[in-house]
Each structure stands twice: as structure tokens, then as C-alpha cells.
Participant: 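Here it is: the structure, laid out below.
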Amino acid sequence: PSVAVFEVAGLTAGSYSYVWIDLETGGSPGCSGSQCVVPIATDVSGDGLRHLSVTITDLGTGLQKTVAARARYFDAYH
């Protein structure tokens with residue numbers, strides 16, 4: 001087991017809010033801010049995959065953008 005680090009980068013200076021969603025479960029991974037650190041491991045089905053999205057809101061303009069990313073963990077024992 002390990003952790004996967006998801007991070008929003010490349011934004012211009014400003015104030016933003018972040019809403020993270022675990023796309024495998026539809027729930028919140030419990031993250032706030034521009035970085036989300038989640039556990040990752042190969043499970044019994046062998047997928048070792050985390051798939052998250054984040055909705056970023058510019059608090060100055062109200063504009064929103066949603067992006068998604070995947071992380072994969074390869075375990076030589078499974």
C-alpha cells in the first residue's frame with residue numbers, strides 16, 4: 001500500500017475553492033485545498049486504481065472548472 005497525491009497546479013494568483021470527488025465511489029475522499037492525498041493499493045480484484053475529480057471555483061469571478069485524473073499502483077505481489 002502507498003498513497004496517491006493529486007494536486008491542482010498552474011492557476012493564476014487568486015482565491016479558489018476545491019471540491020474533490022472519488023469517481024469510483026461517488027463520495028468525498030475527505031480532501032480540501034489544492035492537494036488531495038489518498039491511500040492506494042492493489043485490492044483483491046487487482047486494480048490498484050484511484051480516479052478523482054476536482055471542481056475548482058474562482059471565488060473572485062464565480063467561474064468553475066472540473067478536471068479529473070487517475071493514479072495506478074502496481075504491486076508485484078498481486
Participant: Would you say Tyr16 and Val54 are hydrophobically clustered, going by side-chain heavy atoms of ILVMFWY under 4.5 Å?
Facilitator: yes
Participant: Hey, does the side chain of Trp20 reach the backbone of Ser34 with a donor-acceptor pair shorter than 3.5 angstrom?
Facilitator: no
Participant: Closest heavy-atom contact between Tyr73 and Ala41?
Facilitator: CD2-CA, 3.6 Å
Participant: Cluster question for you: counting only ILVMFWY and a side-chain heavy-atom cut-off of under 4.5 Å, with indirect links fine, are Val38 and Val8 together?
Facilitator: yes
Participant: In the single-linkage hydrophobic clustering (I, L, V, M, F, W, Y; side-chain heavy atoms under 4.5 Å), do Phe6 and Leu49 co-cluster?
Facilitator: no
Participant: For the CG atom of Asp22 and the OG atom of Ser28, what is their distance to the nearest 0.5 Å?
Facilitator: 8.5 Å
Participant: Using side-chain heavy atoms (C-beta onward) and a distance below 4.5 Å, is Cys36 in contact with Leu52?
Facilitator: yes
Participant: How close do Ile56 and Leu11 get, heavy atom to heavy atom, and via which atoms?
Facilitator: CG2-CD1, 4.1 Å
Participant: Where do Arg50 and Glu24 come nearest, in terms of heavy atoms and distance?
Facilitator: CA-OE2, 3.3 Å
Participant: Considering non-hydrogen atoms only, spot the tightest contact between His51 and Ala69 and give its length.
Facilitator: CD2-O, 3.2 Å
